[in-house]
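Have a look at the structure below, then the notes.
Just follow the structure's listing: the first ligand is 1, and inside any ligand the first atom is 1. Start at 1 with the first residue, then count along the sequence.
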Amino acid sequence: MNKLALTSAMSAALPVIDRLEQAGFETVFVGGAVRDALLGRKVQDVDIATAATPDQVMALFSRCIPTGLAHGTVTVMHDGVPYEVTTYRRESEYVDYRKPSAVTFVTDLDGDLLRRDFTVNAMALRGDGSIHDPYGGLADLRNGILRCVGDANERFREDALRMVRAVRFIGTYGFRPALSAWRSLRHRRELLRHVAMERVHAELDKMIESGNPARSLAWLDKSGLLRHTKEPLSFVVALQRRSKAKYELGFLTSISDPDARWAALAIAADVSSADTRDTLEALRMSNKRSQRIMSAVALFEGMAEWLPKGGSVIPDAMEVIDEAFMRLLLRYGVTAATDWLHVERLMANAEAAIEGSAAERLVFMDRFEKLIADAPLLVLKELDVSGAELAEALGKPAGPWLKHCLDRLLLESALGRIDNKRDVLVRQAAAWEEERAE
Ligand code: ATP
Ligand code: MG
C-alpha cells in the first residue's frame with residue numbers, strides 16, 4: 001500500500017477532513033495538490049472532495065461561504081485559511097465544447113475522479129496518507145506521461161480548454177504526452193475556437209510564469225493550438241519565427257516579474273507594439289498589466305531604429321543615440337527602460353554564448369544603464385522651474401510653446417547637459433525662444 005507523508009498545507013487542512021469523515025462522509029484531497037505532493041513539489045492550495053452534499057457540509061462548519069453551490073463548492077474557513085470543499089460530482093451534458101453549466105452530485109469517489117482531465121490529476125489522497133488511484137495516475141506520474149482519463153478524443157471534445165491544459169502540464173512538468181492524447185489534440189485543436197479567451201489567458205499566464213516557459217512555448221508551437229483561438233493572437237506568427245531562430249527562450253526564467261516576462265517574450269520574438277496590443281486585448285489582459293508590457297515593447301520598438309544590427313556605430317552617433325534613448329525613457333518611464341534593458345542583456349548573453357560575441361550591444365546596454373543611474377531627474381515635476389514660473393519669466397502667455405520648452409529642458413537636464421537650476425533653465429529657455437523668433 002502506497003502511503004504519502006502529508007505536506008504541511010495538507011496537515012493544516014486535516015481537521016476539516018476529519019470532521020466530515022466523523023460525520024460519516026468520505027472526504028479526500030484531490031487534484032493538483034495530490035499530484036504536486038507526490039512529485040515533492042510545493043503545494044499551494046489544497047482542494048478537498050467529499051461525499052457530503054453542500055448543505056451537509058455547511059451544517060458541519062460554522063464559518064463557511066457558499067462559493068459555488070451550483071457546482072457543489074463550499075469554502076470552509078479553518079484557522080483563518082479558506083478551503084474549497086466540493087461534493088463528488090459528475091458533469092452532465094457538455095454543450096458547445098465548454099464546461100457544463102449543470103452538474104450531478106454523486107456519492108462514489110471513482111465517479112468524481114472519472115470526470116477529471118488527466119490521470120495525474122485524477123488521484124485522491126486520504127487523510128491517513130493512502131492514495132486512491134483508479135486510473136493509473138501514479139504509474140503515469142512516475143513515467144512522466146500525460147494521459148487523458150478515458151478516451152482522449154471524447155475528453156477534448158467535451159471541453160476544448162483541456163488541450164491547452166495538456167500543453168501546460170507537458171511543458172511545466174516536463175511530461176511527454178501519451179500518443180493517444182497527442183493525436184487527439186492535433187485532431188481536435190480547431191475546437192479551441194469555442195473556448196472563452198479568458199480561460200486561454202489563464203493557462204498562458206501559468207505557462208509563462210512557470211519554471212520552464214520555453215518548453216511550454218515550444219510544445220504550444222508544435223500543437224498548433226494558438227492558431228485556433230476564438231480571437232486571433234497576432235504574436236503567434238512571430239513566436240513561430242522565433243522558435244526557428246538562433247537562440248532559445250531559456251533566458252526568460254531569469255526574469256521574475258510575470259509582466260516583464262510577457263514583455264520579454266514580445267521583445268525576443270520581435271513582435272510589433274501593434275501586434276502586442278492586439279494580442280493582449282484579445283486575451284483580456286487588464287489595463288494595468290498591458291500598460292507595463294506595452295511600455296517596454298514600445299520602448300524596444302522605438303530603439304530598434306537606432307541600434308546597429310550588424311556594423312559598428314560611428315562615435316559621433318553615440319550622443320544622438322543617447323538622446324533617443326533618453327526621450328523614450330522620459331516618455332515610457334524607468335520600469336519600461338529597465339524591463340527592456342534586462343531582456344536585451346539576457347538576449348545578448350545568450351547570443352554571445354552561441355556566437356562568441358555580442359560586445360557591441362553590451363556597450364550600449366552599459367551606456368543606457370549609466371544614463372539612467374546618472375540622470376539628475378526623470379520627471380517634469382522635479383524640474384527646478386514650473387510652467388507658470390517659466391511663462392512669467394519670459395513674459396509670454398502659456399501656450400503650446402511652453403510644454404515643448406519644458407520637455408526640452410527636462411531632456412537636456414536629464415542628460416546632464418544643463419544644470420537643473422532655475423536661473424540656468426530660464427536663461428536656456430529664453431535663448432531657445434529667441435532663436436525661434438528669428
Ligand atoms: P494548478 O497547479 O495549476 O492549480 P490543478 O491541477 O490544481 O493545477 P486546477 O485548474 O486548479 O488545476 O484544477 C483542479 C483539478 O480539477 C485538476 O487537477 C483536475 O482534476 C480538475 N480539472 C480542472 N480543470 C478541468 C477540466 N477542464 N476538465 C476536467 N478536469 C478539470
Ligand atoms: Mg489548483
### Message
Is there a salt bridge (charged side-chain N to carboxylate O under 4.0 Å, His left out) between E323 and R327? Walk through the geometry before answering.
### Response
CA-CA 6 Å; E323 190 175 310; R327 274 181 206 281; 2.9 Å; yes
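The backbone and the side chain of D117 each have at least one atom closer than 4.0 Å to an atom of ligand 1 (non-hydrogen atoms only). In R115, the part holding a heavy atom less than 4.0 Å from any atom of ligand 1 is the backbone. Here F156 has no heavy atoms under 4.0 Å from ligand 1, in either its backbone or its side chain.
Every atom of ligand 1 with a heavy atom of K206 under 4.0 Å away is listed here by number and element: 1 (P), 3 (O), 4 (O). Taking every heavy atom of R162 and a limit of under 4.0 angstrom, the matching atoms of ligand 1 come to 26 (C), 27 (N), 28 (N), 29 (C). Within the listing of ligand 1, atoms 18 (O) sit less than 4.0 angstrom from a heavy atom of G31.
Residue contacts with ligand 1: R35 is included, with a non-hydrogen atom under 4.0 Å away. Residue contacts with ligand 1: Q44 is excluded, as none of its non-hydrogen atoms falls under 4.0 Å. Contact between L161 and ligand 1 is absent, with no heavy atom of the residue lying under 4.0 Å from the ligand. At least one heavy atom of F169 sits closer than 4.0 Å to an atom of ligand 1.
Between F368 and F325, the distance from one ring center to the other falls under 6.0 angstrom.
Classification of the H78-Y83 ring pair by plane angle, with boundaries at 30° and 60°, yields tilted.
Applying side-chain contact (heavy atoms from CB on, under 4.5 Å) to P213 and the options L204, L252, L249, L265 leaves one that passes, L252. Between Y88 and the options D108, D112, L113, a side-chain contact (heavy atoms from CB on, under 4.5 Å) holds for only D112.
The residue among E203, K42, R168 with a heavy atom at the shortest distance from atom 3 (O) of ligand 1 is R168.
Scored by the side chain to side chain donor-acceptor pair (under 3.5 Å) test, D257 finds R292 as partners (sequence neighbours excluded). Partners of D110 by salt bridge (Lys or Arg N to Asp or Glu O under 4.0 Å), not counting sequence neighbours: none found.
The shortest N/O to N/O separation between D47 and ligand 1 does not fall below 3.5 Å. Where the criterion is an N or O separation shorter than 3.5 Å, residue side chain and backbone included, R155 fails it with respect to ligand 1.
Looking at I293 and D339, their side chains never come closer than 4.5 Å, going by heavy atoms from C-beta outward.
When all heavy atoms of M10 and F29 are compared, the pair lying nearest together is O-CZ, 3.4 Å.
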